[in-house]
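Just below is one structure, and these are the notes that go with it.
Residue numbers start from 1 in every chain, and the chains themselves are labelled A, B, ... in the order their sequence lines are given, proteins ahead of strands. Only this structure's heavy atoms are used, side chains among them; waters, hydrogens and symmetry mates stay out. All figures in this text were calculated on a predicted structure; none of them were measured in a lab.
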Protein chains: 2
Amino acid sequence: MTGERRKFRREGADTRRQALVMATLDLIVEQGVRGATVRAIAERADVTQGLIRHYFSTKDELVQEAYLAHMAGLTEQTFAGVAERETARERLAALVVASVTPPVVDSASVGLWAGFLNHVRQDARMRAVHAQTYHDFRDRLERLIVGALEEAGRGPDAGQARRLAIACNGVIDGLWLEGGALPEAFGPDELTGIALAAVGAILQLDLEEAAKT
Amino acid sequence: MTGERRKFRREGADTRRQALVMATLDLIVEQGVRGATVRAIAERADVTQGLIRHYFSTKDELVQEAYLAHMAGLTEQTFAGVAERETARERLAALVVASVTPPVVDSASVGLWAGFLNHVRQDARMRAVHAQTYHDFRDRLERLIVGALEEAGRGPDAGQARRLAIACNGVIDGLWLEGGALPEAFGPDELTGIALAAVGAILQLDLEEAAKT
DNA sequence: GTCGTAATTATGCAAGCGTATAATTGTTCG
DNA sequence: CGAACAATTATACGCTTGCATAATTACGAC
């Protein structure tokens, strides 16, 4: 008989690109950037390696798209459910809680982020994505902070608002990092309480009360 | 004539191992983990690649030692000069300032740390180093915090001390991370002021005053 | 001195990498 | 039903990688 050539189904470009991106992220999570080879990605996505070149002209392009997808997903997960809260203070508290709770706090997620950081430092386009993701998140956080402070009758000026947002963002990121990188070091819900207390102290707002809603 | 075999000098084991570790760190900084190949490391250390195998039975062993060296250096840099301060509050302020100032805050340093994180997630021994480094730093921070609070007439209980240390560590780490990963996003000394204010707010201590000493 | 030995170099290998290109095959449209 | 075309597979090339092993050489002991 003739050699059995592999059967396949044609898929739309979007479907395939997304599948390849997901396969890339999975592999980086499981085996680090090292393990995310073109061949392994193709196998995971159940296609042959040549197809990757058909959708991404280079591997770096695929990695870049994977990074974008991961960061967008992270921001989305963090802000999911925030807008539904009634008061600004409750929205802020909800954001803080979400930031230090699974699925946002997650070993794989932090590992993924760290794995990308070196690409970020070397590739200009990835650096742009990084900067935008960071500023995006911080701006949204700053708006929540300003809202909560105004609600409490004390609206900060622009400089204060910026500094408070940077500080709160620092706490959130730091705890996110530690919770993900060293999961067994903290009790369940411990980070939640600490994050609310710390951000609350910086802003002089009682967030622990607001989080109970 | 016969081929010119390379001249060399014999060095002690410690010297060579240290040189190889330094070369590894340099390369990871400059080109990411990807660029730190056995051949590149050897060239940087001005030896041939076979010598690496003579001192480290595997490349991972070298990487692990490099990680250890980097983390130890980071902690040392951060605490340098802290002990000299007079009061506990000044010591705490000095630590906070050092944590968000070069050379501790540094793009290369953060990149190095991130590059290692994936190894940490996969190698048990590196995970142990990571956990110990983290707890070591946090314990020292906690002692400074307790000292400063007692100095102010309010000694926290063990649970409070732990939570405060985690929170302050979070701010410090978060700002360290952001300062290193996105240097151009902050003005000079901006992080210093924010870090002092944030940690001060969490502990309800005036650290900005104490930092001026 | 010269001799032994550990440090160092030199060379090679098998595996894996990303990329290129040609051959096939599923799908769509008239 | 068949032709055209894009999606997909198959294969191969050149390079780099980490690791192994044998040949050399600097240096201290006696």
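An OP1 or OP2 oxygen of D:dA7 is reached within less than 4.0 angstrom by a side-chain nitrogen or oxygen of A:H54. Note on A:Y55: a side-chain N or O is less than 4.0 Å away from OP1 or OP2 of D:dT8. Within the 4.0 Å cut-off from OP1 or OP2 of C:dT25, not a single side-chain nitrogen or oxygen of A:R6 is found.
A salt bridge is defined here as a Lys NZ or Arg NE, NH1 or NH2 lying under 4.0 Å from an Asp or Glu carboxylate O, and B:E184 with A:R127 fails to meet this definition. At a threshold of 4.0 Å, the pair A:R6-A:D46 counts as salt-bridged, since one of the basic side-chain nitrogens sits closer than that to a carboxylate oxygen. Using a cut-off of 4.0 Å between Lys/Arg side-chain N and Asp/Glu carboxylate O, A:R125 and A:D60 are scored as not salt-bridged.
B:F8 places its CZ atom 4 Å from the C1' atom of C:dT8, with the value rounded to the nearest Å. In this entry the distance linking CD1 of B:I41 with P of D:dT17 reads 10 Å, nearest Å. In this structure, A:L51 atom CG and D:dA7 atom C1' are separated by 7 Å, rounded to whole Å. In this structure, CZ of A:R16 is placed 11 Å from P of C:dT27, rounded to the nearest angstrom. Between A:I52 atom CD1 and D:dA7 atom P there is a gap of 16 Å when expressed in whole angstrom units. If you take CZ of B:R10 and P of C:dG4, they are 15 Å apart, rounded to a whole angstrom. We find that CZ of B:R17 is positioned 14 Å from C1' of C:dA7, with the value rounded to whole Å. When the C1' atom of D:dC27 is taken as reference, atom NZ of B:K7 falls 14 Å away, rounded to whole Å.
Using cut-offs of 30° and 60° for the angle between ring planes, the B:H70 and B:F116 rings count as tilted.
The closest side-chain heavy-atom distance from B:E30 to B:R44 is below 4.5 Å. In this structure, the side chains of B:Y134 and B:N169 come closer than 4.5 Å at one or more pairs of heavy atoms. No side-chain heavy atom of B:R138 sits less than 4.5 Å from a side-chain heavy atom of A:E178.
No engagement by B:F56 is indicated, since no non-hydrogen atom pair under 4.0 Å with the nucleic acid exists.
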Could you list the protein-to-nucleotides 18-22 of chain D atom pairs, N/O on both sides, closer than 3.5 Å?
from, atom 1, to, atom 2, distance (Å)
D:dG18, OP1, B:K59, NZ, 2.5
D:dG18, OP2, B:V38, N, 2.8
D:dG18, N7, B:R39, NH1, 2.7
D:dG18, O6, B:R39, NH2, 2.7
D:dC19, OP1, B:T58, OG1, 2.8
D:dC19, OP2, B:K59, N, 3.2
D:dC19, N4, B:Q49, OE1, 2.6
D:dA20, OP2, B:R53, NE, 3.3
D:dA20, OP2, B:R53, NH1, 2.6
D:dA20, OP2, B:R53, NH2, 2.5

